[in-house]
Amino acid sequence: MDTKALREVAAAAIISDGRLLLAQRVGPPELAGMWELPGGKIEPGETPAQGLRRELREELGVDTVIGGRIGVDVPLPDGMVLRAYRVSLRDGTPTALEHSAVRWVAAPELAAADLVPNDRAWLADLVATLNAG
Ligand code: 9L3
Ligand code: MG
């Protein structure tokens, strides 16, 4: 086990017109109804940017440009690590293909949103990024 590389889960801070896209999880039960930065597990052989672009096509039906990191590394169970990236939209309108809903939030709505616990680690950085924009 200790010889295995850390498996990454990548999440997207998609920002457009001063607002951040949140997506509402359908599961597991303890996370259902809570809001997250969309994304998922990077597959072996993918770079994080390739894997996150694929996840965003699958989950939201959009083509994206993956930028730099934002916020801290968040440790997950089973030797996984969660990382957030700045993302901009290249084509398409985000649609909830694997979530129950998507919505755009400005800083005050983000601060009040029912975020999944993992993603709360990024709240201050995300609010600062929105307020700077
Ligand atoms: N996760 C947490 N915050 C996020 C994302 C995209 C994912 N913003 C956690 C939930 C799961 C794991 O990472 O435990 C894998 O994500 P997914 O494949 O269920 O999206
Ligand atoms: Mg996902």
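In each ligand, atom 1 is the first atom listed, and ligand 1 is the first ligand listed. FYI, the numbering just counts along the sequence from 1. On a predicted model such as this, the values are computed, not experimentally measured, just so you know.
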Taking distance alone, no hydrogens or angles, what donor-acceptor pairs closer than 3.5 Å link side-chain atoms of residues 80-97 to residues at least two apart or in another chain?
residue : atom : partner : partner atom : Å
R83     : NE   : D73     : OD1          : 3.2
R83     : NE   : D73     : OD2          : 3.2
R83     : NH1  : E8      : OE1          : 2.8
R83     : NH2  : D73     : OD2          : 3.2
Y85     : OH   : E8      : OE2          : 2.6
T95     : OG1  : T93     : O            : 2.9

Search all heavy atoms of P38 against all heavy atoms of E59 and return the closest pair with its distance.
-> CB-OE1, 3.5 Å
Note, R19 side chain near V105 side chain (heavy atom, < 4.5 Å) =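 A side-chain contact under 4.5 Å is absent here.
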Kindly state each residue pair satisfying salt bridge (charged side-chain N to carboxylate O under 4.0 Å, His left out) with at least one member in residues 121-133, sequence neighbours excluded.
-> none
Using modelled atom types only, decide if a donor and an acceptor are shared between the side chain of R57 and the backbone of D63 within a distance under 3.5 Å.
->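 Looks like no, no N/O pair under 3.5 Å.
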Contact residues of ligand 1 with a heavy-atom cut-off of under 4.0 Å?
->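 Residue list for ligand 1: V9, A11, R25, E36, L37, G39, G40, L76, L82, N118, D119.
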The residue among L115, L21, L20 that forms side chain to side chain contact (heavy atoms under 4.5 Å, CB included) with L37 is L20
Over 12 non-hydrogen atoms of neighbours within 6.0 angstrom of CG in N131 | yes
Looking at R53 and E58, does any basic side-chain N land under 4.0 Å from a carboxylate oxygen?
-> no
Anything protein N/O/S under 2.8 Å from the Mg ion (ligand 2)? Just list residue and atom, please.
->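 G39 O, E59 OE2, with waters left out.
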Establish whether V26 and V102 are linked, either directly or via other cluster members, by ILVMFWY side-chain heavy-atom contacts under 4.5 Å.
-> no
